[in-house]
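What follows is one structure encoded as structure tokens, with my remarks underneath.
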Amino acid sequence: MSHELGRLEDLPQDYRDELASHNLVPLWPSLRGVLPPDVPTRQTRATHWPYQTIRPLLLKAGELTPIEKAERRVLVLANPGHGLERMQASAAIYLGMQLLLPGEWAPSHRHTPNAVRMVVEGTGAWSTVDGEKCEMVRGDLILTPTGLWHEHGHDGTEPVVWLDVLDLPLVHYMEASYHVNGGRQTVKPQRGERAYARGGVVPSPVFQRAHKAYPMLRYPWADARAALESLAADQPALDAVQVTYTNPETGAHCENILGFYALMLRPGQTLPLPARSPATVLHQIEGDTEVQVEAQTFTLAEADTCCAPGYTAITLKNRSPDQPAFLFMADETPLHQKLGVYEIR
Ligand code: 1HN
């Protein structure tokens with residue numbers, strides 16, 4: 001049972017002033033705020049960012065701001081519950097939509113926050129990560145984990161857009177966020193997605209392994225989609241047709257802080273997801289999904305993105321009676337699990 005605790009105003013002003021002058025604060029007036037009963041207070045609000053709203057504004061940014069003046073030309077998907085200036089989708093997740101125009105180059109740098117890109121639109125762009133040149137195709141997931149050099153270029157003819165997902169809010173909060181600029185990388189002939197394309201059959205440890213923390217950097221959508229279709233076909237009773245993007249050498253999450261997944265909803269399927277402690281981001285790769293988060297309902301059209309706070313149940317419904325829907329999902333599961341605060345309610 002929680003009872004009322006003393007308030008700051010209950011204390012004499014001269015005592016409060018004296019505490020402050022010595023950099024001291026009484027705990028009891030703030031105790032319930034930092035430790036609320038039963039469920040955490042969340043700033044994260046369920047928020048929907050339709051791509052049809054973002055796209056023209058992002059193309060306008062392409063006219064207004066040359067790449068040299070931006071380095072990364074991004075519109076940040078900011079959660080109003082946190083305040084837009086904080087540029088966070090949830091406590092640990094940053095989201096941005098990035099535009100690269102034909103011929104442009106976003107120069108090489110590395111930084112402590114981990115990033116991934118989910119390719120949304122266009123062909124001809126590439127990201128070179130740690131010397132590996134990764135082609136960018138719609139639905140591909142490309143990792144730029146902590147500390148690895150990365151740069152983006154575009155040899156095609158149409159705008160290319162991708163969704164950036166970073167753990168920047170957390171790393172910044174930890175006072176551990178910084179970057180280093182570098183020169184154009186030398187591309188080495190290596191393609192992790194080919195060596196590791198066949199799940200159970202991986203390069204042998206002694207001979208072929210690169211002994212890198214991140215052996216696979218590009219996860220082609222064609223492979224993730226095929227894995228989902230196989231699962232759905234072979235397990236007709238399976239509700240959650242979902243795959244996790246993992247490190248193929250360890251089976252662990254592919255990055256340290258955020259988790260990444262692809263999900264298939266069968267035609268007309270409704271999928272309830274239990275309330276779990278981590279916040280969740282959903283991005284529609286193909287089809288249309290109705291997303292219900294507490295009292296709110298969003299309809300995700302192709303390339304739309306939304307987020308939901310932790311400790312909240314989510315219900316997904318594929319709106320098509322005859323086509324599957326495919327979603328990309330990002331969440332804070334590895335972070336919560338490593339810190340021991342992960343819960344399913
Ligand atoms: C970054 O390095 C990229 O490399 C995109 O494309 C977005 C947002 C915050 C900090 C670093 C990129 C970023 C970022």
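This structure is a prediction, so every number in the text was calculated from the model and none was measured. Counting convention: from 1, in listed order, for ligands and their atoms alike.
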Legend entry - Salt bridge present between R218 and E132 (N-O < 4.0 angstrom): no
Inset, instruction - Look at the rings of H109 and H111 and say which category their plane angle falls in: under 30° parallel, 30 to 60° tilted, over 60° perpendicular. - result: perpendicular
Inset, instruction - Would you indicate whether the side-chain heavy atoms of Y311 and R345 approach each other to under 4.5 Å? - result: yes
Inset, instruction - Let me know which protein residues bring a heavy atom to under 4.0 Å of ligand 1; chain then number is fine for ordering. - result: R72, Y94, Q98, H109, H111, R117, H150, H152, D164, L166, L168
Inset, instruction - Compare every heavy atom of V119 with every heavy atom of M136, then report the nearest pair and how far apart it is. - result: CB-CG2, 3.7 Å
Inset, instruction - Validate the cation-pi geometry between R184 and W149: distance from NZ or CZ to the six-membered ring centre under 6.0 Å, angle to the ring axis within 45°. - result: no
Legend entry - Main-chain N/O of T146 paired with N114 side-chain donor or acceptor, under 3.5 Å: yes
